[in-house]
Amino acid sequence: MLDEPRSGRLAAWGNALLAGLVSPDEAAHRIAGEDASHRVAGLPGESGPVGLTLALGRLRALGAKGLRVALPIAGHPLGLSGPPEFNAHALDAGEAVIATGAALGLVPEVSAAGPEGDQHVEVVWRCQGVREAPPADVPSLGEAERELAEALREATEVLSRLNVAGSGPVAEAALEAYRARAERGREVLAPGYPPRAIRVLELAQRVGALVDIAYTAGGDGREHGGAVSASEIAARAEALRPVERTSRRAQVAAYNAYVEERERGGA
């Protein structure tokens with residue numbers, strides 16, 4: 001959870017475009033990030049995959065008023081509203097974007113090509129019909145912020161209880177990745193988002209970073225290996241599961257804040 005989900009970039013910058021706050025080219029550039037290309041397949045009215053600029057314009061023409069994020073895992077369909085076929089595809093990918101007003105959803109299909117160390121990533125967003133209904137288990141920003149404060153304490157306590165040091169190579173690498181992400185991530189949420197959403201997203205990513213460190217590091221800060229037994233790994237996962245769930249819920253709340261405010265008439 002150290003890196004932003006592609007669905008988050010698509011929703012954030014797609015919402016900024018729908019609001020007229022950024023140009024189509026700027027939105028497409030920000031959504032693609034470091035990936036080589038993004039295309040959208042299955043859009044109504046299009047015979048084949050199209051680029052992001054055309055796809056976002058088409059979604060607006062089809063009635064899209066905002067883009068929501070879903071970050072589901074098995075047993076937790078976070079942000080989804082059906083139908084089952086779309087939910088299954090979103091669950092396989094671990095993320096999706098819902099275009100409200102257009103009853104369409106987008107699920108990323110990611111592929112890498114090229115030799116190891118010099119690969120380029122291509123993304124095809126598969127478009128399907130979705131059910132227009134309230135998304136599952138998405139908290140308000142206020143709820144997410146309160147839950148995160150408790151989750152941050154719980155994550156820190158778990159790290160301490162499991163004797164996961166912060167000085168091992170795996171932990172250090174994870175912390176460095178998070179710091180780099182935070183330094184360049186001030187525009188993760190595009191123009192048009194409320195300051196509270198940015199604050200919630202940053203805290204959710206910090207909690208996610210601690211969870212990742214606890215999952216991957218042993219008691220000496222090194223990778224699991226033989227120093228950590230299967231029972232210890234299972235106990236760690238059980239202790240961290242509610243913390244990770246809170247972090248994902250908060251991320252979805254932050255990315256969806258633009259749509260929530262618009263629906264309340266505040267944006």
Side-chain angles (χ1 to χ4, degrees), residues 3-72 79-132 135 181 184-185 187-192 251-252 255-256 258-259:
D3 292 317
E4 63 188 320
R6 289 180 173 88
S7 55
R9 294 204 306 265
L10 176 56
W13 291 95
N15 282 329
L17 175 62
L18 291 173
L21 299 174
V22 298
S23 70
D25 287 344
E26 172 75 357
H29 173 72
R30 294 286 189 168
I31 293 166
E34 297 179 0
D35 298 332
S37 68
H38 279 233
R39 294 174 297 156
V40 179
L43 270 172
E46 299 294 339
S47 59
V50 299
L52 280 173
T53 302
L54 177 58
L56 290 169
R58 175 69 69 187
L59 285 173
R60 176 158 48 190
L62 290 167
K65 301 191 180 339
L67 302 177
R68 293 180 179 270
V69 168
L71 296 178
L80 297 175
S81 57
E85 295 82 1
F86 178 79
N87 287 3
H89 291 145
L91 180 60
D92 286 343
E95 60 180 314
V97 171
I98 314 299
T100 63
L104 292 171
L106 302 162
V107 176
E109 184 178 282
V110 183
S111 61
E116 187 174 350
D118 188 28
Q119 291 186 325
H120 64 274
V121 174
E122 297 179 349
V123 180
V124 176
W125 294 87
R126 302 291 178 183
C127 184
Q128 297 174 253
V130 297
R131 184 180 300 139
E132 289 276 19
R181 174 71 187 80
R184 73 175 191 270
E187 290 187 297
V188 168
L189 287 179
Q251 285 193 67
V252 172
Y255 284 121
N256 293 0
Y258 168 85
V259 177

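None of the values given here were measured: they were computed from a predicted structure.
The distance from atom CG of L104 to atom CZ of F86, rounded to the nearest 0.5 Å, is 9.0 Å. Taking SG of C127 as the start and CZ of R58 as the end, the distance is 11.0 Å to the nearest 0.5 Å. With rounding to the nearest 0.5 Å, the separation of CD1 in I98 from CZ in R131 is 11.5 Å. Rounding to the nearest 0.5 angstrom, the gap separating the CG atom in L10 from the CG atom in L52 is 7.0 Å. Note: D25 CG to T53 OG1 = 5.0 Å, rounded to the nearest 0.5 Å. In this structure, CD1 in I31 is found 11.5 Å from OG in S7, a value given to the nearest 0.5 Å.
Listed here is the closest heavy atom pair of P24 and L17: N-CD1, 3.6 Å. Closest approach of G129 and P83 over heavy atoms only: O-CD, 3.6 Å. The shortest heavy-atom contact between P108 and V123 is CB-CG1, 4.0 Å. Between L56 and G14, the shortest heavy-atom distance links the atoms CD2-CA, 4.2 Å. Across Y255 and P5, no two heavy atoms sit closer than the pair OH-CD, 3.7 Å. Across all their heavy atoms, P135 and G79 have their closest contact at CB-O, 3.4 Å.
Checking side-chain atoms of R39 against main-chain N and O of P49 turns up no donor-acceptor pair under 3.5 Å. Here the side chain of E95 pairs no donor or acceptor atom with the backbone of V107 at under 3.5 angstrom. Remark: the backbone N or O of G66 is paired with a side-chain donor or acceptor of T100 at under 3.5 angstrom. The backbone N or O of L106 sits nowhere less than 3.5 Å from a side-chain atom of Q128 that would complete a donor-acceptor pair. Under a 3.5 Å cut-off, the side chain of E122 and the backbone N or O of S37 do not form any donor-acceptor pair.
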>> Quick one, H38 with R6, criterion side chain to side chain contact (heavy atoms under 4.5 Å, CB included). Give me CA distance, side-chain angles, the key distance, then yes/no.
In response: CA-CA 10 Å; H38 279 233; R6 289 180 173 88; 4.2 Å; yes
>> Walk me through whether V259 and L67 qualify under side chain to side chain contact (heavy atoms under 4.5 Å, CB included).
In response: CA-CA 7 Å; V259 177; L67 302 177; 5.6 Å; no
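Counting only heavy atoms from C-beta outward, the side chains of L43 and V50 approach each other to under 4.5 Å. Annotation: side chain of V110 is in contact with side chain of V121 (closest heavy-atom distance under 4.5 Å). At a threshold of 4.5 Å between non-hydrogen side-chain atoms, the residues E109 and W125 do not count as touching.
A salt bridge links D35 with R9: the closest approach of a Lys/Arg side-chain nitrogen to an acidic carboxylate oxygen falls below 4.0 angstrom.
Only one option out of V130, N87, L71 pairs with L80 in a side-chain contact (heavy atoms from CB on, under 4.5 Å); it is N87.
Residue H29 places its NE2 atom among 12 or fewer non-hydrogen atoms of other residues, nucleotides or ligands, all under 6.0 Å distant.
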